[in-house]
Structure formats: C-alpha cells, structure tokens
Amino acid sequence: MIFLRRQIPLLITLITGLVFAGQYYVPHPASEQMLTSVTKWLQIIGGFALVLGVSSLFHVHAVKIRRKEAGWGYSFVLYVGMLGTIAVGLWSNGKEAVDGAMTAFGWIYNFMMVPLQSTMFAILAFFIASAAYRSFRARSREAAVLLIAAVIVMMGRVPLGEYLIPLSGDLSQWILNVLNASVRRAILIGVSLGTVALSIKIIFGMERSYLGGGKE
Amino acid sequence: MLGDDEGETVSFTERMLKIDRRIIFLVIGFCTLLPLLYPVGLPIKISQEVRGVYDHIESLPEGSAFLLSLDFDPASKPELHPQSISLLRHAFRKNLRVIALTLWVSGTGMADQVITQVAREMGKENGKDYVFLGWSPGGTAVIINMGQDLYGAFPADYNGKPTKELPVLHGITNLRDVNYAVSLGAGRPGVEEWYVFGKDKYKFEMGGGCTGVMAPGLYPLLRSGQINGLIGGLRGAAEYETLMGQRGRAIAGMDAQSATHLAIIVLVIMCNLFYFSSRSRARSQGQAGA
Amino acid sequence: MLKTSSFSPTQPRRAETRLFPYFILGSSKSSTYPSGEELPGSSGWAGENCYASGFESPAALLDSRFEHPALWKISVLLLVIVLSQSWLPVFAQTDAEKTPLSPPQDVRVFDTPSDGGGSLTVLWSPASYDSAATSYQVLLSEGTAVSDPSAMKVVAEFPANQRYVRESKWPWWTRPAAGEQHQFTLKNGKGGELKNGNAYSVTVAAVSNGDRAIATPVQAIPEPNWINWNQMNNLLLALLFSGIVFYAISIARKREIFLRRIPGLDAVDEAIGRATELGKPILYMTGAHDMSDPSTIAAAVILGRVAKRTAAYETDLLVPHREPITMAVCQEITKQAYLEAGKPDLYKEDSNFFITSDQFSYTAAVDGIMLRKKPAANFFMGQYFAEALLLTETGASTGAIQIAGTDSDHQLPFFVTTCDYTLIGEELYAASAYLSREPVQVGTLRGQDIGKALILVVLGVGTILATLGVLLDAQWPKLFLDFFRDVK
C-alpha cells in the first residue's frame with residue numbers, strides 16, 4: 001500500500017520531471033509531439049478537477065443544510081443558484097448570445113455575474129484609501145521614503161497631477177522604469193531561483209509534502 | 001483652562017487618526033462620482049510604453065495575423081475592456097486578421113461581446129476578418145498546444161465553425177505564423193505566461209496590457225525587450241484612446257481617477273500632520289511628566 | 001589626270017582630336033592651311049585669321065564682331081569648359097554602368113542547426129555593392145537538378161545592406177560564420193515549403209537597376225535535430241545550480257548551517273499563543289493557486305508546522321480553500337500534524353474546507369468568516385491577486401494579528417501596509433526551512449544563496465565593464481559583455 005501511495009508517485013514524478021526538463025532542449029518533432037500529448041492530458045485532467053471542485057462544494061454545503069448549522073440558509077441559496085445556473089447554461093448550450101440575441105445564460109452572466117464581480121473589484125478603491133490613511137505614516141526614514149515615492153507616483157500617473165506639477169510625470173516614469181524595475185528584477189531572480197530549487201527537490205523526491213502527510 | 005484645551009486638541013488629533021473608515025469611503029465615493037457627472041477633460045501625455053504597442057500595430061502590413069488574448073474576467077472590466085476596444089478598433093482599421101481568444105473561462109462571454117460589438121462597428125465579418133476562438137481549459141497548456149497546432153488546440157471557433165475552413169486563418173498553422181500578439185491579462189495566465197510558453201518558444205513579437213496594479217511588475221519584461229510595449233491600467237487605455245483619436249470610457253475615467261488620487265494624497269498628508277502632532281504632543285507631555 | 005589629294009604632301013596634316021578648347025577653332029581651318037607662315041591680315045592665337053583660299057575663318061569673323069576679341073574667346077572657352085563638365089559624368093556613368101554586376105560570392109546552404117526541421121540557412125560573403133540601392137533575392141527550387149537558375153522561385157528579397165550574421169541571435173558557440181557575412185533562414189511555410197529529408201537547391205541573386213546576377217545554386221536537405229545547442233548555456237547553468245543545491249544539502253547533513261532570523265516566522269508562535277489566550281480560532285489561507293505552484297507547496301509545508309502548534313495548544317484551526325486538490329493535500333498534512341503532536345482525537349475533518357474557485361466569491365466568503373468568527377490570527381501564505389487587500393483590510397478591521405508570505409510581487413505593497421509581518425518573495429520558501437531545520441530545507445536555502453551570490457558577482461562585473469567601456473571608449477569590454485549575454 002505504501003508502495004502505491006509513496007513510491008509509485010515519486011517514481012512517476014522523477015521520470016516525468018527529468019523527461020520534460022530535458023524536452024526543452026530537444027527540438028525534434030517527436031519531442032514536441034510528446035509535449036503536445038501531455039498538455040492535452042493536462043487539459044483533460046483540469047476538466048476533471050473542475051468536477052471534483054463542484055462535487056466537493058455540493059458535499060460541504062449539503063452537510064451544512066442537513067445539520068442546520070449557522071448560516072445554512074446561505075448554503076441553500078448557493079444550491080439554488082448553482083443548480084439554476086447549470087440548468088440554464090445547459091438549456092442555452094453554454095452560449096451567452098445566439099445571433100445577437102441574449103440567452104437566459106447571457107442574462108445571468110451580464111446582469112448578475114458581471115455586476116457582482118465588478119462590485120467586489122471596485123471595493124478595492126475604497127480599501128486602498130482607508131489602508132493608505134491608516135498605514136502611510138512617516139514612522140521611520142524608510143516609511144518616509146515610501147510615502148514620498150507613493151505621492152510622486154500617484155501625482156504623475158493622472159492628468160491632474162501632471163497638470164499641477166509637470167515634473168511629477170517624468171519623475172514617476174523614472175521611478176517606475178529605474179527604481180521599480182530593478183527591484184522587481186531582484187525579487188524575480190530570488191523567486192525564480194527558489195522555484196527552480198523547489199522543483200529540483202520535488203523531481204528528486206526530496207520534497208514530498210505535495211503527496212500529503214509527513215516523511216515515511 | 002490650558003489643560004482642557006490641550007486635552008481637546010489631543011483627542012481631536014487622535015480622533016482624526018482613528019477616523020471611521022466610512023467617512024473615507026464617502027470622500028472617495030464623491031471624488032469618483034462627481035468628475036463622472038461633470039467631466040473636466042485634462043490632456044493626457046502619451047508614454048513610451050503605450051506608444052510601443054501602438055507603433056508596432058501601425059507598422060504591420062495589411063492582412064497580418066494579430067492575436068489578441070483577452071485574459072480577464074468581469075472584475076477587471078473597467079481597466080481592460082477599454083484597452084481591448086481600442087486595440088480591436090486599431091487592428092480593424094489597419095485591416096489586420098484578428099484572432100481572439102481567452103484563457104479565463106469567466107471572461108468568455110465578455111470577450112465575445114466586445115469583439116462582436118467592435119467588429120460590427122467597423123464593418124468586419126466573422127470568419128473572414130476576425131475569429132473568436134473562445135475558451136479552452138488548461139491555461140498554459142493551451143498556449144503550448146497553439147504553438148504546435150492551432151487547429152488542434154481549437155478545432156472549432158466559439159460559434160462551432162471548424163477553424164480549418166475559416167478564411168481568416170488561412171496560412172496560419174501555429175503561433176509561429178502570428179505576426180503580433182497582445183495579451184490583456186488581469187492575473188494568471190496572462191502576459192508572463194504568454195511570454196514564457198509562447199514568445200520564448202515560438203518566437204513571435206509580443207505586447208502586453210494589464211491592470212494598474214500589475215503594471216509595475218511587468219516593467220522588467222518591458223525594459224529587457226521581452227515585450228515591446230505595455231498598456232498599464234486605465235491610464236494606459238486612456239493613452240491608447242488618445243493615440244486613436246477616439247474618446248472612450250478610459251479618457252472619461254481619468255478625471256475620476258485624478259480626483260481620487262488627489263483625495264488620497266490629501267488624506268495621507270492630513271494623517272501625517274495629525275500623526276506628527278500627536279507624537280510631538282506625547283513627547284512634550286512625557287518631558288513635562290519627567 | 002591624277003587626282004590630287006586635298007592634303008599637300010609637303011605639308012602633311014594629321015586629323016587630331018583634341019579635348020582642348022581651341023579645337024573647334026582649329027578645326028575650322030582648312031587642313032591645307034599652312035602653319036607658321038605669316039599671312040597678311042593674320043591675327044589671334046593661331047596667328048591666322050583667314051584661310052589661304054581667302055575665306056574668313058570663324059575666328060576672324062568673331063574678331064571683327066567684338067570690340068575686344070579676347071572677350072569672346074574667353075566666353076567660348078568658359079562655355080566649352082561648362083559643357084565638357086556636364087558631359088564627363090555621363091561618360092563616367094556610362095563607364096561604370098558598363099561594369100557587370102557580380103553574383104554573390106561564397107554561397108553556402110545547410111540545414112539550420114538546433115531546430116525541429118523544415119529550415120535551411122543560407123550564408124554568403126558581403127560585396128562592394130552592398131547598399132540600399134541594390135537588393136538580394138533568395139531563390140529556391142526542389143530537387144538537386146537546376147536547369148535554369150533564373151527560373152527558380154524568389155522566396156525573399158531585401159536591401160543588400162541588411163541580414164547579417166551579427167544581427168541574428170546566434171550565441172557565439174553556434175555562430176556559423178563571421179558577423180559581417182550575410183545570412184538568411186528559409187523556414188517551412190514562409191514563402192516556400194521545406195519538407196524534411198527532401199533535397200532543395202538554393203541560391204542568392206544580386207539585383208541592381210534591372211540587372212540580376214545569380215550565384216551557382218547549392219543543394220541542402222533540411223532535417224530535424226535532436227539537440228538544441230543554442231540552449232546549452234541554459235542546461236549548463238541549470239546543472240550547475242542543481243549541483244550547488246545538492247552539494248549544499250550534503251553539507252547541511254554533516255553540520256549546522258546558520259540561518260538568519262526571519263521576524264515574520266518568529267511571530268507565528270506569538271500569533272498562535274495570542275489566539276489561544278483569547279480563545280479565538282486561527283485562520284490560515286494557502287493562496288489562489290494549485291499544488292503545482294511552489295508558493296502553494298511552501299504554504300502547505302508551513303501549514304503543517306502551524307497545525308502542529310495549534311494541536312499542541314488545542315486552538316481551533318480554519319483553513320478555507322480555493323482548490324479541491326490543495327484541500328485534499330492540506331487535509332492530509334493537518335491530520336499528520338495532529339498525529340505527530342499526539343492529539344489525533346482533536347483533529348476535525350472540516351477544519352480544511354473548500355469554498356469555491358472563483359476569486360471574489362472566495363474573498364466574500366472568507367471576509368464573512370472573518371467578521372463572524374473574528375479569528376485572532378490570520379495567515380496569508382501563497383499566491384494572491386486582487387483579493388489580497390480585500391482580505392487583509394477586513395482582517396485588520398477585526399483587530400487580528402496578520403502574517404503574510406507571498407511571492408506575488410504585485411500584491412506585496414498591500415500586504416506590507418496592512419499586515420504585521422510579511423515574508424517577501426523567497427522568504428516564503430525559506431520559511432519551511434527555518435521552521436523545520438531539516439537538512440534538505442536548510443541546504444536548499446544555502447544553495448539558493450550561493451546561486452544569488454554568483455549572479456550578483458556577474459552583475460557587478462558586467463556593470464563595471466560596461467561603465468569602463470563607455471568612459472574609455474574602448475571595445476574590449478564588449479567581448480566580455482557579449483559573453484555574459486550569450487551565456488545567460
């Protein structure tokens with residue numbers, strides 16, 4: 001059992017990891033064909049993961065409704081919404097519009113999903129303002145530098161700021177192109193090295209947490 | 001009495017530092033709403049980043065294959081929708097062959113709507129001048145598959161027509177045949193994935209568009225020439241509209257953005273004044289106590 | 001009667017063509033006109049102004065017309081000079097045009113190396129006529145026999161001052177020729193069909209002012225290659241870095257390696273302790289991505305450590321998920337942690353629960369949990385996008401202590417401003433090593449640091465060389481910089 005749960009997945013990881021790391025350096029059409037096949041399998045498995053996600057969602061909220069836990073009414077609303085959207089979507093064949101005419105699925109998409117998602121994203125503007133008011137205090141020299149840079153970039157990125165202080169536009173471009181780009185590059189290098197190191201550990205079986213559980 | 005006045009001043013400062021968030025929300029709400037109702041229309045300066053995308057599309061000969069990947073969902077619509085409209089108008093004006101798709105399932109309907117709307121406005125025909133391939137699961141796997149065989153990745157377009165029969169895709173077998181690609185990304189998969197799994201492997205020219213928050217993170221790609229242009233956020237969309245000579249939602253939104261930025265700057269300055277005031281008050285009280 | 005010659009044998013005249021301003025005047029004289037003898041009424045340069053026959057020469061006529069005879073002679077002289085100047089370029093052009101256009105030299109064609117096939121590379125030497133006025137055509141035909149090169153298909157045409165080896169992206173170890181050689185790559189589909197295993201004839205023609213000079217066709221066969229030598233630098237660097245990591249792990253297994261204190265991780269115990277004192281739960285999030293993302297794996301590893309502490313302190317743990325596979329893995333990790341802490345009975349199956357994959361639906365649900373259950377500590381580990389600020393700002397409003405760890409550099413500003421401690425970038429990966437002190441984790445960290453040090457050295461050396469090159473206006477730094485550029 002342990003062999004099936006541990007050794008076989010590690011062996012699969014080792015072989016496929018090395019093969020597809022090497023595939024990058026082999027331009028032969030046979031190698032490209034192998035990559036295409038595997039990516040198609042990835043798409044198929046991705047589809048299954050969707051099914052897994054939906055069934056897990058159903059299970060979690062079914063338990064909540066059955067046990068009548070706190071907030072079970074919302075679970076009931078979720079059930080109704082999910083089943084209703086699935087039914088309407090299947091009836092409309094997954095299309096939001098047919099020959100220019102909006103379907104029922106399109107109606108749900110345009111008048112429920114789009115406004116709700118936009119609203120959630122719009123909240124960010126207000127949260128940024130309240131977070132800035134609470135956090136942008138010059139408690140130290142570093143905080144003061146952050147504050148000044150933030151003010152310059154905020155001024156320089158809008159027409160009103162450039163109109164009031166023409167230099168702010170060029171300064172903010174310089175901050176973005178020179179200071180920001182160099183720091184982002186540094187973080188990117190560090191993160192990339194970390195990603196490569198973690199990938200090497202996973203391929204060679206030194207990192208097994210993705211299998212679940214501790215060492216055996 | 002002096003002590004009472006000092007106490008009132010301190011409490012006022014501290015009250016201001018701990019002001020209810022809802023007052024700040026109200027200020028921001030007004031600053032966003034009023035310029036939309038009473039626009040000002042300040043001039044917009046064009047940046048090199050946006051000009052990079054514009055100039056490259058301008059340089060493409062008629063009939064070139066232009067791939068536009070609309071990798072965003074309705075949440076990012078305010079910033080990326082104006083970008084997509086401007087890019088599509090530009091591509092159709094230059095009579096390019098537009099191949100559109102999306103890697104985000106929740107953005108499929110919106111992508112279809114924007115392409116259909118702009119194509120109708122520019123008098124373009126589906127299948128002949130443009131195609132919307134729709135969405136396929138897999139994210140980066142889709143990019144790799146398109147790089148090998150576009151028809152294998154998308155056997156049919158969003159309307160179910162076989163892609164091999166479409167005149168707009170004539171002569172295009174994979175991503176190597178694309179003349180220019182732009183990814184309008186709100187996250188992952190987005191511009192970085194298109195570069196790593198697309199341009200780096202299949203060697204086509206590429207530009208990017210993204211939300212304002214993501215733009216600073218893509219500057220390393222821009223500075224190194226991995227992408228030849230970047231349309232960042234609503235400001236980038238407004239610059240593109242200015243280059244196109246068409247006023248749209250992005251230019252309209254810049255007034256609101258200007259007012260909001262100014263409001264945040266004023267709030268930040270005020271909070272720092274209150275902070276330093278309370279700090280100096282606390283220091284002087286501490287000295288007096290000693 | 002003998003036909004008398006028009007030339008007197010005693011005074012022979014040779015017909016001479018002189019590019020000389022006087023020749024018009026001289027030729028107006030009779031060929032039998034005696035030279036050197038003075039005749040009555042003669043004047044002028046030639047000393048004569050009438051023919052022996054008595055007719056006036058044109059020179060004499062003009063002399064009689066002008067008050068100052070020298071004036072007209074100077075005028076004529078100037079006129080002839082101007083006219084001859086305008087003729088000379090014509091003569092020069094004619095001379096030049098008459099030089100035939102030479103075909104391109106040293107044309108070589110071979111299968112493009114390090115590719116998947118369907119491509120041929122053509123090289124040829126630069127010529128003296130390389131300019132924007134001349135163009136090169138690349139000609140292709142299938143098969144080895146070419147009866148008429150001029151009938152071959154033109155697959156490309158471009159100005160002759162373009163397409164050099166130095167402009168293409170060959171690294172120095174695979175560059176096929178010197179930088180000043182011309183190069184063109186024929187690819188399948190672009191202008192012509194190139195099938196692997198089939199022989200093709202390729203040549204180059206120079207075209208200028210309607211003339212075309214075609215070089216001798218050369219044959220080649222496109223084939224797919226098994227190794228991409230252009231990417232060998234990438235492979236060598238990857239192997240080098242892997243070697244460094246393995247070496248560092250072997251060192252870590254033998255002796256203790258110093259790790260600097262990461263304040264965010266020290267706060268983990270403090271946060272869990274605070275939650276225990278307040279009797280409130282701990283909220284732990286693993287980010288937006290699935291288990292294929294390194295940041296999610298790092299978040300899962302840290303969850304194991306946090307779960308062990310919460311098991312020991314008997315604090316409630318809530319772990320909402322966006323990915324079902326991540327949820328399944330984290331369930332196993334949490335169960336194992338409770339087992340290792342000796343509290344398997346305290347483990348709750350639904351401590352790890354799936355909400356939804358949708359970004360803002362998940363955010364709204366978690367915000368609701370924060371406002372209702374008011375956890376004392378919030379952990380944000382993994383990849384985050386726009387929901388980051390929505391989550392952290394809501395958490396801050398409930399008064400919870402917040403610890404974040406992410407490699408999403410675009411969300412870092414929001415985490416830094418709203419959280420008490422933030423693990424930036426690869427500190428998240430370092431966190432699992434710091435908490436566990438396992439040799440593998442610590443060794444990997446040391447290996448990454450060595451890799452970063454090497455990159456820093458190259459950056460520093462490259463910057464100094466580039467600066468020296470500019471200050472001294474020297475070319476030698478470019479050799480090293482090109483080396484770095486190709487090897488990267």
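Note on naming: letters A, B, ... go to the chains in the order of the sequence lines (proteins, then strands), and numbering restarts at 1 for each one.
When heavy atoms are compared at a cutoff of 4.5 Å, A:Glu162 approaches chain B solely by way of its side chain, counted from C-beta outward. Only the side chain of B:Lys77 comes within contact range of chain A, with at least one heavy atom under 4.5 Å from a heavy atom of that chain. For B:Ile28, the parts lying near chain A are the backbone and the side chain together; criterion is any non-hydrogen pair under 4.5 Å. Heavy atoms closer than 4.5 Å to chain B are found in the side chain of A:Tyr24, but not in its backbone. Proximity to chain A (any heavy atom under 4.5 Å) is restricted, for B:Lys201, to the side chain, taken from C-beta onward. Heavy-atom distances place no part of B:Thr260 under 4.5 Å from chain A, backbone and side chain included. In this structure, chain A has no heavy atom under 4.5 Å from any part of B:Thr32. Looking at B:Glu79, the atoms closer than 4.5 Å to chain A (heavy atoms on both sides) all sit in the side chain, from C-beta outward. Both the backbone and the side chain of A:Asn177 come within less than 4.5 Å of a heavy atom of chain B. If you measure heavy-atom distances from B:Met16 to chain A, the contacts under 4.5 Å come from both the backbone and the side chain. Contacts between B:Arg223 and chain A at a heavy-atom distance below 4.5 Å involve backbone atoms as well as side-chain atoms. Proximity to chain A (any heavy atom under 4.5 Å) is shown, for B:Asp73, by both the backbone and the side chain.
Taking A:Thr36, A:Ile44, A:Val158, A:Val151 one by one and counting their heavy-atom pairs under 4.5 Å with chain B, the maximum is reached by A:Val158. Counting heavy-atom pairs closer than 4.5 Å to chain A, the top-ranked of the candidates B:Pro220, B:Pro216, B:Gly138 is B:Pro216. Counting heavy-atom pairs closer than 4.5 Å to chain B, the top-ranked of the candidates A:Arg139, A:Met120, A:Lys40, A:Met155 is A:Arg139. Here A:Tyr133 is the residue among A:Tyr163, A:Tyr133, A:Phe121, A:Phe136 with the most heavy-atom pairs under 4.5 Å with chain B. Taking chain B as the reference chain and counting heavy-atom pairs below 4.5 Å, the highest number among A:Arg134, A:Met113, A:Lys95 is found for A:Lys95. Ranked by heavy-atom pairs shorter than 4.5 Å toward chain A, the options B:Gly139, B:Gly217, B:Ser47 are led by B:Gly217. Taking chain B as the reference chain and counting heavy-atom pairs below 4.5 Å, the highest number among A:Leu147, A:Val98, A:Ile128 is found for A:Leu147.
Using modelled atom types and a 3.5 Å distance limit, the side chains of B:Glu49 and A:Gln173 yield a donor-acceptor pair. No side-chain donor-acceptor contact under 3.5 Å links B:Glu14 and B:Ser278.
Checked against the 6.0 Å centroid threshold, B:Tyr202 and B:Phe197 do not count as a close aromatic pair.
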B:Thr242/B:Arg247 under side chain to side chain contact (heavy atoms under 4.5 Å, CB included): CA gap, chis, key distance, verdict: CA-CA 7 Å; B:Thr242 308; B:Arg247 290 184 68 85; over 6 Å; no
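Contacts between residues 267-276 of chain B and chain A, counted as heavy-atom pairs separated by less than 4.5 Å, involve B:Leu267, B:Val268, B:Cys271, B:Asn272, B:Phe274, B:Tyr275, B:Phe276.
Because its NZ or CZ atom is both nearer than 6.0 Å to the ring centre of A:Phe127 and within 45° of the ring axis, B:Arg21 counts as a cation-pi partner of that residue.
Listed by first and then second residue, the side chain to side chain donor-acceptor pair (under 3.5 Å) pairs involving residues 110-132 of chain A are A:Asn110-B:Gln113, A:Gln117-C:Asp358, A:Ser130-C:Glu393 (not counting sequence neighbours).
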